[in-house]
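Read through the structure below, which is laid out as C-alpha cells, and then see the notes.
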Amino acid sequence: MAIQKKTHPAIDPDQGSTPAPLIAIASVIVSMALIAIGNGLMFAYIPVRLGVEGFDPVWAGLIVTGLSAGGLAGCILTGPLVRRVGHARAFMVLSALIALSNAAIGAGPHPLLWIVARALYGFAICGLFIVAQSWLNDALPNAVRGRVMAVFYVAYIAGLGVGYATLAVIDIHTAAASLIGIAFTALSILPVGMTRLAQPPAPQAASVALRQAWRISPVGVAGMLAVGGLSMIISGFAPIHATAKGYSQADVALLLSAMPVGTLILQIPLGWLSDRTDRRYVLAGAAALAVVASVLAIAFDGGALMVLVVIYLIWDGAAESIYALSSAHAADRARKDELLALSSSMLFAWSLAGFIVPGIVTALSAVFGTATFIYVGIVIASVFCLFVLWRVIAAGRVPAAATGSFAPMSAQAPLPVELAFAPDEVVRHRGD
C-alpha cells in the first residue's frame, strides 16, 4: 500500500530531509521541564500551607476539584486559542496565566481565591500540554517521534519531582513558593520565545466522539476514565492526607518527590511487556498492582515514613502506567484517519474523570476523613481490572504485526488534542 509522505514545517525543502535542529526541538522540552518545577512545588505547597494555617482539609480538596474543572475547560478552549494566535503565542499566553495563578496563591491563604487561581492553573497547564505536544508532533519525523516524546515525558516528570522536593527547603509561612513558581514559569517562556522551531499550520478542529472512541477501544477509554480519577486523587489528596496525619513539611516533600520515581521505574518494564504480549494483560496487572499498593497504604497509614514512601511510589507508578498503556492500546486499534478524534476523546475522558472523581472524594472526605481517597482508589482500580479481564475473555487481541511501540507517558502530561500523527500505518483491528 502506498504511503503518502507528510511534509513537516520543521523540514527545510532546500536541505532535503534535514530535520529541525535538535536545539530548537529541545527548547519546547526544556520549557515544559522548567514549568514542571514550579508546578510540582505549588502542588506540594498548597495543602501544607492550608494545614499549617488550620483550614479544614475539605478546602484543599475543593482546590483540587477546581484545578480539574479548569483542565476540562482547557481541553475545549485551547484549540480555538491556537487557531487564533498560533502555537508560540498561545504558549506564552498560557504561561502568563500560570504566573498569575501563582501570584494569587502568594497573596496569602484565601481558600476561595485559591480555588479560582488553581482553576486558572488547570486551564493553562492542560492547554500548554496540548500546544507543546502538538508542536513536537508536527516537527518530528515518524522515525524519532516516539523516542523524543519519551524524553519529553521523562523531563516533565523529573521536573515535578524537583519541584516536590523543593518544598522541604522553603519557609512555608512566606510567599517563597509562589515567587519560585513565578520565576520558573518566567524562565520557561525564554526558550520558546527564542526558538527557531517552525510553527505548525493552524490545526484542524478536533471533535470529541466518545461513542466512536468506545467502539474503537473500550479498554482504552475505560483506562483513561480510571487513570483520570486515580492520578488526580493520588497527586492531589496524598499531600492533604499526609499533612492531616501530622507528617512534617519535609516528610510531605519526600513522599511527593518519590512518587514520580515510581512512574519512571515501572513504565519501562511494563511497556516492554506490553509490546510483547496482549497489552490488556499488562493493563490488568498494573491495575491489580495499584489495588495492592492502595490496600497497603491503608494498612501502614500513619506509620513509618519510608515504608509509606515505597508504597506510594508503587501506587503512583502503577496508576500512571495505566495512562500510557491505555493510550498505546487504543492507538493499536485505530485507523490513521481516526487518530485525531480518538486523541481528543481520550483526553476528554481523562479530564472528565479528573474533574468528577476529586469532587466526589472531597464530598466524602468531609464525612469519612482524608483517607477517603485511598478507598476510592481501590474501587476505581478494582473495577477497571475486572473490566479489562472481562474484555480479554469477550474479545480477541490485536495481531502482533498491528501493534505500535510503547512510549512512556504520564497522566500529568495529557495527550495532545489538536495534531495526532501515527507511525506509517498498517490496517488496525478494533473491538477489544
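Everything numeric in this text was worked out from a predicted model, so none of it was measured.
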- Task: Any chance you could lay out the side chain to side chain contact (heavy atoms under 4.5 Å, CB included) test for Val162 and Phe184, step after step, and finish with the verdict?
- Result: CA-CA 12 Å; Val162 172; Phe184 275 102; over 6 Å; no
- Item | Any residue meeting ring-ring contact (aromatic ring centres under 6.0 Å, His included) with Tyr121, in chain and number order, not counting sequence neighbours |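 Tyr121 satisfies ring-ring contact (aromatic ring centres under 6.0 Å, His included) with no residue once adjacent residues are dropped.
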Using the test side-chain contact (heavy atoms from CB on, under 4.5 Å), find all partners of [X] that sit at least two apart in sequence or belong to another chain.
X	answer
Val116	none
Leu273	Val282
Val93	none
Ala33	Ala155

Do you know which two heavy atoms are closest between [X] and [Y], and how far apart they sit?
X	Y	value
Gly127	Thr78	CA-OG1, 3.1 Å
Met306	Leu254	SD-CD2, 3.9 Å
Pro57	Thr370	CB-CG2, 3.5 Å
Pro191	Val30	CG-CG1, 4.2 Å
Ile380	Leu230	CG2-CG, 3.8 Å
Ile311	Ala293	CG2-O, 3.2 Å

- Query: About how many Å separate CD1 of Ile182 and CG of Leu187, when rounded to the nearest 0.5 Å?
  - Reply: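 Taking CG in Leu187 and CD1 in Ile182, the distance rounds to 12.0 Å.
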- Message: Nearest 0.5 angstrom please: Ile35 CD1 to Ile189 CD1, how far?
- Response: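 One finds 7.5 Å between CD1 of Ile35 and CD1 of Ile189.
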Scan the side chains in residues 283-290 for donor-acceptor partners under 3.5 Å anywhere in the protein, sequence neighbours excluded, and list what turns up.
none

- With sequence neighbours left out, which residue pairs that include part of residues 242-258 fulfil the side-chain hydrogen bond (donor to acceptor under 3.5 Å, both in side chains) condition?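 Matches after skipping sequence neighbours: Ser248-Asp251.
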- Message: Using the salt bridge (charged side-chain N to carboxylate O under 4.0 Å, His left out) criterion, which residues pair with Arg49? Sequence neighbours excluded.
- Response: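 Arg49 satisfies salt bridge (charged side-chain N to carboxylate O under 4.0 Å, His left out) with Glu53 once adjacent residues are dropped.
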- Just do the side chain to side chain contact (heavy atoms under 4.5 Å, CB included) check on Val64 and Ile240 with the steps written out, would you? CA-CA 10 Å; Val64 173; Ile240 298 172; 4.3 Å; yes
- Provide the full list of ring pair (Phe, Tyr, Trp, His ring centres under 6.0 Å) pairs with a residue in residues 291-319, sequence neighbours left out, each pair given once.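 Of all non-adjacent pairs touching residues 291-319, those that pass ring pair (Phe, Tyr, Trp, His ring centres under 6.0 Å) are Tyr312-Trp315, Trp315-Phe373.
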- Task: Write out all pairs satisfying ring pair (Phe, Tyr, Trp, His ring centres under 6.0 Å) with one or both partners inside residues 374-393, taking only residues at least two apart or from two chains.
- Result: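 Listed once each, the pairs are Trp214-Phe387, Phe387-Trp390.
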Residues 351-368, side-chain donor-acceptor partners within the protein, below 3.5 Å, at least two apart:
| from | atom 1 | to | atom 2 | distance (Å) |
| --- | --- | --- | --- | --- |
| Ser351 | OG | Leu347 | O | 2.9 |
| Thr362 | OG1 | Gly61 | O | 3.1 |
| Thr362 | OG1 | Thr65 | OG1 | 3.4 |
| Thr362 | OG1 | Pro358 | O | 2.8 |
| Ser365 | OG | Val361 | O | 2.7 |

Using modelled atom types only, decide if a donor and an acceptor are shared between the side chain of [X] and the backbone of [Y] within a distance under 3.5 Å.
X	Y	answer
Arg280	Arg391	yes
Thr277	Ser274	no
Ser326	Tyr323	no
Ser382	Val379	no

- Item | Plane angle bin for Trp114 and Tyr45 - parallel if under 30°, tilted between 30 and 60°, otherwise perpendicular |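 It falls in the tilted class, 30° to 60°.
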Under 3.5 Å donor-acceptor pairs involving side-chain atoms of residues 95-110, not counting sequence neighbours:
| from | atom 1 | to | atom 2 | distance (Å) |
| --- | --- | --- | --- | --- |
| Ser95 | OG | Phe91 | O | 2.9 |
| Ser101 | OG | Ala117 | O | 2.7 |

